[in-house]
Number of protein chains: 2
Amino acid sequence: MQKQQYLTKNQQIVLDLVEKSSEPLKAYTILFNVQKKGIKAPLQVYRALDKLVEIGKIHKIESRNAFIACHNSSCQVAKATAFSICEICEKVTEISSAGLSKYLANFKDKDGMKYSKYNLEFFGLCKKCR
Amino acid sequence: MQKQQYLTKNQQIVLDLVEKSSEPLKAYTILFNVQKKGIKAPLQVYRALDKLVEIGKIHKIESRNAFIACHNSSCQVAKATAFSICEICEKVTEISSAGLSKYLANFKDKDGMKYSKYNLEFFGLCKKCR
DNA sequence: TTTCTAATGTTATATTATTACATAATGTTA
DNA sequence: TAACATTATGTAATAATATAACATTAGAAA
Ligand SMILES: [Zn+2]
Ligand SMILES: [Zn+2]
Ligand SMILES: [Zn+2]
Ligand SMILES: [Zn+2]
């Protein structure tokens, strides 16, 4: 069972936009595109984004300061994310590899410490750009 | 053989500061702390940081917009980085695990694609904060 | 109802990073 | 050496990203 089943109006507006997009969106691009829906200020966007990230509906691509919808149904929470990023066309794809998830979830550092969360960003050239 | 053996004055000033620091430093914190050495503008700091990242002397912690000196002697280039980050005290440690490096360097996505570069950030609680 | 919590609206501001352009230093080749 | 290319620097202005503060509202819970 999830913490929050229904999204609020602002959260839904932002999520709809991010889900429709084929590429990661930046906060101010989102703002610009939802102004016709009544969202007026950056903070309204950032608050919606924060919540959507928290519940795993979207992810932040840290190296790009941009947000992408989660297309991995198992990814209910933003605690284990991996992406591939094309350095030419900036195409971003969420990686869902059971092997990778398992490896990273079980990874222990020198002190034998395990981590509750990770974010991995791979960089390279996509098929088109090679 | 490396591309650039000697650092320029600004690069050396910034590197000295970042290396002395026990925690990741933000660009404007660096600026504040090097003003007595003659560096006056953000751009001077960002240019030095860009170069130092490029040659692998420092790394950017993307989720924190902060910079840390590389303590991994094998890490001459910023192409394969992994960090652990404590979510309470914000302590950041560079992970150097041969197993992890090897696994990620050889990781192939669904399409059999390998990547030339990656950055991994683990989150959790450090020893002190548990 | 009362109380508590989460979300919203709004303004202002803080923080992070880049553009643009002029100049200087350094390296390379003829 | 001169000529040229490349890299780094200095400086001002501005763009892009993100948060603080505070008042208000909506919903859930008791
Ligand atoms: Zn996901
Ligand atoms: Zn591409
Ligand atoms: Zn390193
Ligand atoms: Zn800690």
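Basis for what follows: all heavy atoms, side chains included, without hydrogens, waters or symmetry-related copies. The structure displayed is predicted, hence computed values, not measured ones.
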Take the protein atom [atom1] of [X] and the nucleotide atom [atom2] of [N], then report the distance between them rounded to whole Å.
X: B/Ile39; N: D/dT11; atom1: CD1; atom2: P; answer: 12 Å
X: B/Tyr6; N: D/dA8; atom1: OH; atom2: C1'; answer: 18 Å
X: B/Ile61; N: C/dT16; atom1: CD1; atom2: P; answer: 14 Å
X: A/Asp50; N: C/dA6; atom1: CG; atom2: C1'; answer: 14 Å
X: B/Tyr46; N: D/dT11; atom1: OH; atom2: P; answer: 19 Å
X: B/Gln12; N: D/dA8; atom1: CD; atom2: P; answer: 14 Å
X: A/Leu7; N: D/dA26; atom1: CG; atom2: C1'; answer: 16 Å
X: A/Ile13; N: C/dG9; atom1: CD1; atom2: C1'; answer: 13 Å

Name every residue in residues 21-31 of chain B that has at least one heavy atom under 4.0 Å from any atom of DNA chain C, in order of residue number, or write none if there are no such residues.
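Nucleic-acid contacts, sorted: B/Lys26, B/Tyr28.
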
Reckon [X] has a side-chain N or O less than 4.0 Å from the OP1 or OP2 of [N]?
X: B/Lys60; N: C/dA17; result: yes
X: B/Thr8; N: D/dT7; result: no
X: B/Lys40; N: D/dT11; result: yes
X: B/Gln44; N: D/dT9; result: no
X: A/Asn10; N: C/dA7; result: no
X: A/Lys9; N: C/dA7; result: no

Using Watson-Crick geometry (N1-N3 plus N6-O4 or O6-N4) or G-U wobble (N1-O2, O6-N3), each under 3.5 Å, D/dA28 is paired with C/dT3

Could you check which nucleotide pairs with C/dT29 in any of the strands shown, counting Watson-Crick or G-U wobble with both distances under 3.5 Å?
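In the structure as shown, C/dT29 has D/dA2 as its Watson-Crick or wobble partner.
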
Nucleotide nearest [X] (side chain, heavy atoms from C-beta), chosen from [options]:
X: B/Lys51; options: D/dA8, D/dT19, C/dT10; answer: D/dA8
X: B/Gln11; options: C/dT16, D/dA8, C/dT8; answer: D/dA8
X: A/Asn65; options: D/dG10, D/dT17, C/dA17; answer: D/dT17

Hey, which of these two, B/Phe67 or B/Arg47, hits DNA chain C nearer its 5' end, going by closest nucleotide?
B/Phe67

Considering heavy-atom distances to DNA chain C, does B/Arg64 or B/Leu43 have its closest nucleotide positioned more toward the 5' end?
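The 5'-side residue here is B/Arg64.
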
Using 30° and 60° as the class limits, which term best fits the ring planes of A/Phe122 and B/Phe107: parallel, tilted or perpendicular?
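Taking B/Phe107 first and then A/Phe122, their aromatic rings lie parallel (interplane angle under 30°).
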
Test item: [X] and [Y] side chains (from C-beta on) under 4.5 Å apart, heavy atoms:
X: B/Tyr115; Y: B/Leu104; result: no
X: A/Leu52; Y: A/Val18; result: no
X: B/Phe83; Y: B/Val92; result: yes

Applying side chain to side chain donor-acceptor pair (under 3.5 Å), run through B/Glu121 and B/Ser63 and close with a yes or a no.
CA-CA 8 Å; B/Glu121 298 180 3; B/Ser63 64; 2.7 Å; yes

About how many Å separate CG of A/Leu7 and CG of A/Asp16, when rounded to the nearest 0.5 Å?
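That separation rounds to 9.0 Å.
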
State the NZ-OG distance between A/Lys114 and B/Ser84, to the nearest 0.5 angstrom.
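Rounded to the nearest 0.5 Å, the NZ-OG separation comes out at 15.5 Å.
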
Does a donor on one side chain sit under 3.5 Å from an acceptor on the other, for B/Asn119 and B/Thr81?
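There is such a pair (donor and acceptor under 3.5 Å, judged by atom type) between the side chains of B/Asn119 and B/Thr81.
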
